[in-house]
Each structure stands twice: as C-alpha cells, then as structure tokens.
Amino acid sequence: DYGAQDQTGGLTVEERMKMLTDHSSLLGMMGGRYVFSGYPINKASFILVDEYISEDQKAKIYIYENKDFMPKVYFDSGQGLIKNIEAKDGWFAIETSSPTDDWLVVSESFLPGWRAQIDGFDVEINRANDLYMKLLVPGGNHHIVLQYDGVLGEAKVLRRLGIIKY
C-alpha cells in the first residue's frame, strides 16, 4: 500500500496532470528538477528537454525541466553566493558570500536534533516554507556547519562508535 497511489488512484489522467502542473513550485522546492511523463505537459513552468521512445516502441516518454526548481541550499533573496557545499547524511558544510544579511535556506526537514554554527558560533535554526530549515547569515564570507544529532542525541553515539563517519 503506497500513500501516493492512495491519493491519486481514483483520479483521471487529466486530474493527475493538473495536480502536477498546479504544484510545480512545491515540486521545485522539494528539489524536483526533472519530470518524466508519459503525457505531454502544457504549462510554461515545464520546459520540454527531450522525448524518448521505449525500446519496444509502445510508450513515448517526455522529459521536462521544472523552471520552479530550487537547489538544496540557497539564499532567500537570491543575492548571496553559495561557494561550496559538502553534504553527507545529517551533515552539511557550506561556504557562503553575501553582500548583506540574508536567510540561507537548506531544503532538509526541520526536525528537533539539528544544530547550526556560523564560523564556529552556534546560531538558531528557523523554519522555512513550513518544512525546511533556514538561518540568518550575516553579510560577508562565512563557513556554516549544520549537523543532525538525533532527537535524543543518538547520532552522537553512532559517531563515537564509528557507524556514522562525519
């Protein structure tokens, strides 16, 4: 039993396509850059990249790029620069440069157990888009680290045991 099937199983193809195209910005916020579809999509936020015909010639697949795509890490204003990102499960190291104070959005679930530092100093993590994390980064060049320690600190123990390698 799959949740997505339960939500769309009783819908027509047209209704499913409308749900997809009406939510391109939500899909983009979740990191959905490309959409593979068995049906043409006629909406400006989806750009046709390629068409593919299956080897058995029974299905045509359309490949679209979502113009509403957002990267995993970005400045809310679009003014700052993400110079480098190193990411592992539950850990990010991010090098940034911004002319002014700005919100840095990290498209990772806002859960208890995350902590953040800017240049070695603890900073508050706030909620972005009801789902993800954001932190206020002062203007200038900065080194940011986000680390997930687990709700009860269990990730710390797993790191000490060498099970988590960051």
Side-chain angles (χ1 to χ4, degrees), residues 1-8 16 18-37 41 43-47 49 63-166:
D1 219 1
Y2 301 100
Q5 273 183 323
D6 290 346
Q7 295 298 315
T8 62
R16 291 179 193 186
K18 182 170 177 10
M19 282 182 67
L20 172 69
T21 58
D22 286 352
H23 295 94
S24 62
S25 60
L26 181 59
L27 180 64
M29 187 175 65
M30 294 168 53
R33 184 171 193 164
Y34 294 98
V35 173
F36 293 73
S37 175
I41 299 175
K43 185 165 182 181
S45 57
F46 292 98
I47 300 166
V49 175
I63 304 169
Y64 294 89
E65 184 169 5
N66 182 3
K67 286 180 17 183
D68 293 329
F69 165 77
M70 298 298 293
K72 182 80 169 177
V73 177
Y74 60 92
F75 277 106
D76 196 38
S77 71
Q79 304 266 331
L81 176 67
I82 309 298
K83 297 194 289 189
N84 188 42
I85 300 173
E86 186 179 347
K88 300 176 184 174
D89 287 338
W91 182 85
F92 294 87
I94 307 163
E95 301 292 331
T96 67
S97 179
S98 180
T100 61
D101 295 1
D102 201 352
W103 289 103
L104 182 74
V105 178
V106 180
S107 298
E108 186 75 33
S109 295
F110 181 86
L111 295 171
W114 278 99
R115 61 185 176 93
Q117 291 187 330
I118 298 177
D119 301 326
F121 296 96
D122 291 340
V123 295
E124 182 180 3
I125 300 173
N126 296 278
R127 189 179 300 273
N129 303 319
D130 294 323
L131 181 62
Y132 299 126
M133 299 184 288
K134 70 178 179 180
L135 42 134
L136 188 59
V137 178
N141 297 313
H142 297 285
H143 176 76
I144 299 162
V145 174
L146 289 106
Q147 181 169 301
Y148 184 68
D149 289 334
V151 176
L152 302 173
E154 62 274 11
K156 290 179 187 178
V157 174
L158 296 173
R159 266 188 231 103
R160 282 190 209 118
L161 294 172
I163 296 169
I164 297 176
K165 307 274 188 205
Y166 60 88

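Bear in mind the structure is a predicted one, so any value in this text is a computation, not a measurement.
Every residue two or more places apart in sequence or in another chain was checked for a salt bridge (Lys or Arg N to Asp or Glu O under 4.0 Å) with Asp68, and none qualifies. Listed by chain and residue number, Arg33 satisfy the salt bridge (Lys or Arg N to Asp or Glu O under 4.0 Å) test with Glu65 (two or more places apart in sequence, or in another chain). Looking at residues two or more places apart in sequence or on another chain, you find a salt bridge (Lys or Arg N to Asp or Glu O under 4.0 Å) between Lys18 and Asp22. Evaluation of the side chain to side chain contact (heavy atoms under 4.5 Å, CB included) rule for His23 yields Leu26 as partners, not counting sequence neighbours.
At a threshold of 4.5 Å between non-hydrogen side-chain atoms, the residues Trp103 and Asn126 count as touching. When side chains are defined from C-beta on, Val123 does not count as touching Ile144, because their heavy atoms never get closer than 4.5 Å.
Checking Leu27, Ile47, Ile41 one by one against Asn66, the side-chain contact (heavy atoms from CB on, under 4.5 Å) holds for a single residue, Leu27. The one candidate from Asn84, Leu146, Val145 that meets the side-chain contact (heavy atoms from CB on, under 4.5 Å) condition with Ile94 is Leu146.
Counting all heavy atoms, side chain and backbone alike, Gly80 lies closest to Asp102 at N-OD2, 4.3 Å. Closest approach of Trp91 to Trp114, counting heavy atoms only: N-CH2, 4.2 Å. The two residues Arg127 and Asp130 have their closest heavy-atom pair at NH1-O, 3.5 Å.
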Output a table of donor-acceptor pairs, distance under 3.5 Å, between side-chain atoms of residues 69-76 and any protein atom two or more places apart or on a different chain; print 'none' if there are none.
residue : atom : partner : partner atom : Å
Lys72   : NZ   : Ser107  : O            : 2.9
Lys72   : NZ   : Glu108  : OE1          : 3.1

Distance-only criterion, 3.5 Å: show the donor-acceptor pairs between side-chain atoms of residues 132-141 and protein atoms not counting sequence neighbours.
residue : atom : partner : partner atom : Å
Asn141  : OD1  : Lys83   : NZ           : 3.3
Asn141  : OD1  : Ser97   : OG           : 2.8

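Summarising the geometry, atom OG belonging to Ser98 is positioned 8.0 Å from atom NE2 belonging to His142; distances are rounded to the nearest 0.5 Å. In this structure, the separation between CG on Asp122 and CZ on Arg115 is 7.0 Å, given to the nearest 0.5 Å.
Between Tyr64 and Phe46, the ring-plane angle classifies as perpendicular under the 30° and 60° cut-offs.
In this structure a side-chain-to-backbone donor-acceptor pair under 3.5 Å is missing from Ser109 to Leu111.
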